[in-house]
Amino acid sequence: MAEEEDEAGFDEDLDDGAVGADGNHGKRKRLFSKELRCMMYGFGDDQNPYTESVDILEDLVIEFVTEMTHKAMSIGRQGRVQVEDIVFLIRKDPRKFARVKDLLTMNEELKRARKAFDEANYGS
């Protein structure tokens with residue numbers, strides 16, 4: 001079983017000149033590096049964390065988002081991701097569920113505040 005886990009691990013060691021699926025010679029565009037660096041610093045890391053640490057964290061984030069998206073697409077309406085699908089997937093994780101609930105509540109409050117502001121300024 002340990003051998004299976006080793007084979008199914010990350011294939012991120014492409015720095016030896018191999019060309020990846022996107023043709024970037026083992027280097028893929030980092031989408032969240034700046035944000036992750038700020039988050040890592042906010043959670044107590046150095047102001048300039050090691051690039052390798054940021055890259056590993058970004059790989060984990062992308063893997064998590066990809067898995068959640070695939071799972072969400074397989075439930076509910078096929079091929080579509082809806083908020084309810086994500087809530088359904090995280091319902092058994094109390095911390096994630098509470099955070100999503102807070103963010104959704106805050107989003108609704110912001111929508112109401114924007115609507116009230118627009119009505120007050122533009123007199124609908």
Side-chain angles (χ1 to χ4, degrees):
M1 175 140 180
E3 292 178 24
E4 292 176 27
E5 291 176 359
D6 290 341
E7 292 173 12
F10 288 107
D11 294 329
E12 298 300 321
D13 297 331
L14 296 175
D15 293 338
D16 57 358
V19 178
D22 57 0
N24 284 339
H25 297 286
K27 299 281 187 184
R28 63 179 185 80
K29 184 178 178 186
R30 295 294 174 178
L31 303 172
F32 307 112
S33 291
K34 184 177 178 182
E35 293 83 358
L36 289 172
R37 287 179 188 276
C38 291
M39 288 177 68
M40 290 170 72
Y41 179 63
F43 280 98
D45 202 336
D46 190 64
Q47 189 168 4
N48 295 311
Y50 289 127
T51 303
E52 293 84 3
S53 300
V54 177
D55 290 349
I56 289 171
L57 189 57
E58 183 168 6
D59 291 340
L60 292 171
V61 168
I62 290 173
E63 181 182 347
F64 175 78
V65 170
T66 302
E67 286 179 17
M68 290 295 287
T69 303
H70 285 292
K71 288 177 184 177
M73 288 176 65
S74 68
I75 62 174
R77 291 180 66 191
Q78 293 293 323
R80 293 191 59 131
V81 177
Q82 296 181 332
V83 174
E84 295 80 18
D85 300 334
I86 301 296
V87 172
F88 177 80
L89 288 173
I90 62 162
R91 71 191 184 282
K92 293 182 181 177
D93 186 331
R95 292 181 73 188
K96 288 178 189 166
F97 185 76
R99 180 65 176 152
V100 167
K101 191 174 164 185
D102 288 343
L103 290 172
L104 291 172
T105 302
M106 191 176 305
N107 188 40
E108 289 300 317
E109 290 175 10
L110 286 171
K111 283 182 184 178
R112 283 194 297 271
R114 282 190 203 106
K115 185 177 178 182
F117 181 78
D118 288 345
E119 287 176 358
N121 282 347
Y122 303 114
S124 292

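Side chains are part of it too, since the values below use all heavy atoms of this structure and drop only hydrogens, waters and symmetry mates. None of the values given here were measured: they were computed from a predicted structure. FYI, the numbering just counts along the sequence from 1.
- Counting heavy atoms of neighbouring residues, nucleotides and ligands inside a 6.0 Å radius, atom CZ of R91 exceeds 12 of them.
- Taking the side chain as every heavy atom from C-beta outward, M68 and I90 approach each other to under 4.5 Å.
- The pair R30-D59 meets the salt-bridge criterion, since a charged nitrogen lies less than 4.0 angstrom from a carboxylate oxygen.
- Q47 places no side-chain N or O within donor-acceptor distance of the main-chain N or O of Y41, the cut-off being under 3.5 Å.
- From I75, atom CD1 reaches atom CD of E84 across 10.0 Å, with rounding to the nearest 0.5 Å.
- One distance of note links NZ of K96 with CG of L89; it measures 10.5 Å at 0.5 Å rounding.
- The CG atom of L36 lies 6.5 Å from the CE atom of M39; values are rounded to the nearest 0.5 Å.
- Under the 4.5 Å side-chain heavy-atom criterion for Ile, Leu, Val, Met, Phe, Trp and Tyr, F97 and F88 are members of the same hydrophobic cluster.
- Minimum heavy-atom separation, R37 to P49: NH1-O, 3.0 Å.
- Only one option out of V81, V87, I86 pairs with V83 in a side chain to side chain contact (heavy atoms under 4.5 Å, CB included); it is V87.
- Side-chain contact between F32 and L57: absent, with no pair of heavy atoms (C-beta onward) separated by less than 4.5 Å.
- Residues L31 and I62 approach most closely at CD1-CD1, 4.5 Å, considering heavy atoms.
- Hydrophobic clustering, with ILVMFWY side chains joined whenever heavy atoms are under 4.5 angstrom apart, groups M40 together with V65.
- Put simply, F64 and V100 are part of the same group of oily side chains (I, L, V, M, F, W, Y) that touch within less than 4.5 Å, one to the next.
- L110 contributes atom CG, which lies 7.0 Å from atom CE of M106 (distance to the nearest 0.5 angstrom).
- Put simply, CD on E63 and OG1 on T66 are 8.0 Å apart, with the number rounded to the nearest 0.5 Å.
- In terms of heavy-atom proximity, D85 sits nearest to A72 at OD2-O, 3.6 Å.
- Remark: R114 fails to qualify as a cation-pi partner of F117 under the 6.0 Å distance and 45° angle criteria applied to the six-membered ring.
- Within the 4.5 Å cutoff, the side chain of K111 has heavy atoms near those of the N107 side chain.
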